[in-house]
Structure formats: C-alpha cells, structure tokens
Number of protein chains: 2
Amino acid sequence: MKTTQAVGALSALAQETRLQIFRLLVRKGSLGMAAGDLSEHFSIPPATMSFHLKELSSAGLIISRRESRSIIYSANYDQMQELMGFLLENCCADNGGKCQ
Amino acid sequence: MKTTQAVGALSALAQETRLQIFRLLVRKGSLGMAAGDLSEHFSIPPATMSFHLKELSSAGLIISRRESRSIIYSANYDQMQELMGFLLENCCADNGGKCQ
DNA sequence: TTGATATTTCGACTATATTGGAAATATGAA
DNA sequence: TTCATATTTCCAATATAGTCGAAATATCAA
C-alpha cells in the first residue's frame, strides 16, 4: 500500500456518516446492504448517500454488486487489513524494535 | 472509543503530511523526534508543522514531552490500537460471524 | 412499450481544512 | 539581564469537502 492510497482510505473513513456506514457494513459481513436501505437507515437523502458510498468505494473500502434493481454494498476486509498493516509498518524499528 | 473520537483520529491521519509524520514517529518508537527536526526532515515551515502536530496531538495519536528547548513528539500506540479495534468491532456479527 | 422503483450524476451552495509569514512565548547560555 | 534557539499562536488567503434538489440512468413488471 502506498501513502496516497492510505490517505484515500483514511479520508473516506474520516467522516461521521461514512464511518457509521462502514462500521454497519463491517457488521453485516458478506450479506451487505442496499444503497436505499442505508439511505433510510441513516435518514440521509439518496443523493448524499450515493456520494458517500462512492467515496468509500473509490477508496476500496467497500465493494458493490447489483441484485435486481438494488445495489448491495459490503465491506472489503482485505483493504481494511492492508490499511492497518500500513499504519503500523516498521513499528519501533528505529528503537531496536522496543516499543516501550 | 466513540465515533466522534474515531473520526478525530482518522481525520488527523487522512492527510499526506500528517500520515508521513505519524508513520515516521511509529518507526522512532519511544525515542520520538523534535518538532524542529520533523520540520527539517519534511522541508515544511515550522508554523505548518506545528499545526499538523497539534492535529495529531489533539486526536491523541501522538504525545509530547519537553527536553530543554525542544519538544519531542512520539506515537501513542494505545490510541492506534483502540482505533483499529473500533474499526473492526462486531465484524460480521449480523452474518453469524462468518466473514466469507 | 409504459410506468414504478432504485440509484447515480450534475451543479450550485455552504462549510471546513491547509498553508505559511509575522509576531508572541518559552527555554537556556553568556 | 540580554541574546539566540525552539516552538507555537494568530490571521488571512487559498483549497478542498459535504449537502441535496432536480434531472438522468438502469432495472423490472405489467
């Protein structure tokens, strides 16, 4: 993972509504949730929800699949794991590996 | 950890310069690094660096200590761990714990 | 087809974040 | 003291992000 990609993922999560959407999708697992249901669940207009889903999606944090007329979004755990690994990379390397 | 606090931490990291500062401090461990050295290392004016350090600091991601005329910043691993735990909380709970 | 439903794109407005020079504050050394 | 060094605060300019109504697009059912 490169810095630019990590900044993208962190920016996507650094917003109240989007963080809540993401955490709900993390709960839902592979079941995911339709854009409209998310819109209703958070009482957010479809246009606004669409904007947020696009942000999370471009950051690679969620993926989407079509099911009839609905679009189902679900969390992308791989991207999440990569992000976390990136944040703690080389932890304490310049202090002989000692974190305390 | 509450959503507001998590958004604060994520916002602090969601910026190219600050992410690089944080990752460097993660490497440095408890040794940390002086504000002025960080400023020089990234070729960023002291005022700008101070702004970024304050952001990371208010988010609880870094801590500071004074050593003579310098202020030494270092990563706060506890806050980082908490943030990560928060992001993956209740993972797949609504899908019987199955992530696939 | 036509109409109903689900979602996205467009565009204009408002709000928030970033930058850095100049001045202020804090520490230590002569 | 007085001066040099280290950092922060102030402030104004610039840049980026978030909101959502209206219109456009996609799917399905009759």
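Computed from heavy atoms alone, side chains included, the values below leave out hydrogens, waters and symmetry copies. For clarity, every value in this text was computed on a predicted model and none was experimentally measured.
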ask   = What nucleic acid atoms does A/Ala47 come within less than 4.0 Å of, heavy atoms only: base, sugar-phosphate, or nothing?
value = base
task = Please state whether the phosphate of D/dA17, meaning OP1 or OP2, lies under 4.0 angstrom from any side-chain nitrogen or oxygen of A/His52.
result = no
Sugar-phosphate, base or nothing in reach of B/Ser50, heavy atoms under 4.0 Å = base
query = With a 4.5 Å limit on heavy-atom distance, are the side chains of A/Phe86 and A/Lys2 in contact?
reply = no
ask   = Given atom CG of B/Asp37 and atom P of D/dT7, what is their separation to the nearest angstrom?
value = 7 Å
task = Measure the CG-CD distance between B/Leu24 and B/Gln20 for me, rounded to the nearest 0.5 Å.
result = 9.5 Å
request  = Find which nucleotide of DNA chain D each of B/Lys54 and B/Arg69 is nearest to by heavy atoms, and output the residue with the more 5' nucleotide.
outcome  = B/Arg69
ask   = Are B/Ile21 and B/Ile63 joined in one hydrophobic group, where the rule is that I, L, V, M, F, W and Y side chains link up if heavy atoms are under 4.5 Å apart?
value = no
key: Gap between atoms CD1 and C1', on A/Ile71 and D/dA26 respectively (whole Å)   = 8 Å
ask   = Hey, does the side chain of A/Gln15 come within less than 4.0 Å of C/dA15's phosphate (OP1/OP2), counting only N and O?
value = no
inquiry  = Check this one for me: any side-chain N or O of B/Tyr73 less than 4.0 Å away from OP1 or OP2 of D/dT8?
reply    = yes
request  = Just report the end-to-end axis angle for the helix from C/dT1-D/dA30 to C/dA30-D/dT1, five pairs per end, to 10 degrees.
outcome  = 30°
remark   = Rounded to whole Å, the CZ-C1' distance (A/Phe51 to C/dA12) equals 14 Å
query = CE of B/Met49 versus C1' of C/dG20: gap in Å, rounded?
reply = 13 Å
B/Arg65 CZ to C/dT27 P, straight-line distance once rounded to whole Å = 16 Å
message = Looking at C/dT7, I'd like to know if its phosphate oxygens (OP1 or OP2) sit under 4.0 Å from a side-chain N or O belonging to A/Ser70.
response = yes
message = OP1 or OP2 of C/dT27 versus the side-chain N and O atoms of B/Arg66: is any pair under 4.0 Å?
response = yes
Side-chain N or O of A/Thr48 closer than 4.0 Å to phosphate OP1/OP2 of D/dT19 = no
key: Length of the CG-C1' vector between B/Leu53 and C/dT18, whole Å   = 14 Å
Interatomic distance, B/Glu40 CD vs D/dT5 C1' [rounded to whole Å] = 13 Å
message = Under 4.0 Å, heavy atoms only, any strand: does A/Pro46 hit a base, just the sugar-phosphate, or nothing?
response = base
query = How close or far is atom P of D/dA15 from atom CD of B/Glu16, stated in whole angstroms?
reply = 18 Å
remark   = Between the CD1 atom in B/Ile62 and the CE atom in B/Met80, the distance rounded to the nearest 0.5 Å is 13.0 Å
key: Salt-bridge criterion met for A/Glu67 and A/Arg65 (N-O under 4.0 Å)   = yes
query = Going hydrophobic residue to hydrophobic residue with side-chain gaps under 4.5 angstrom, can you get from A/Tyr77 over to B/Leu87?
reply = yes
ask   = Rounded to the nearest 0.5 Å, how far apart are CG of A/Leu38 and CD1 of A/Ile71?
value = 12.0 Å
Cluster link A/Phe22 to A/Met33, ILVMFWY, side chain under 4.5 Å = yes
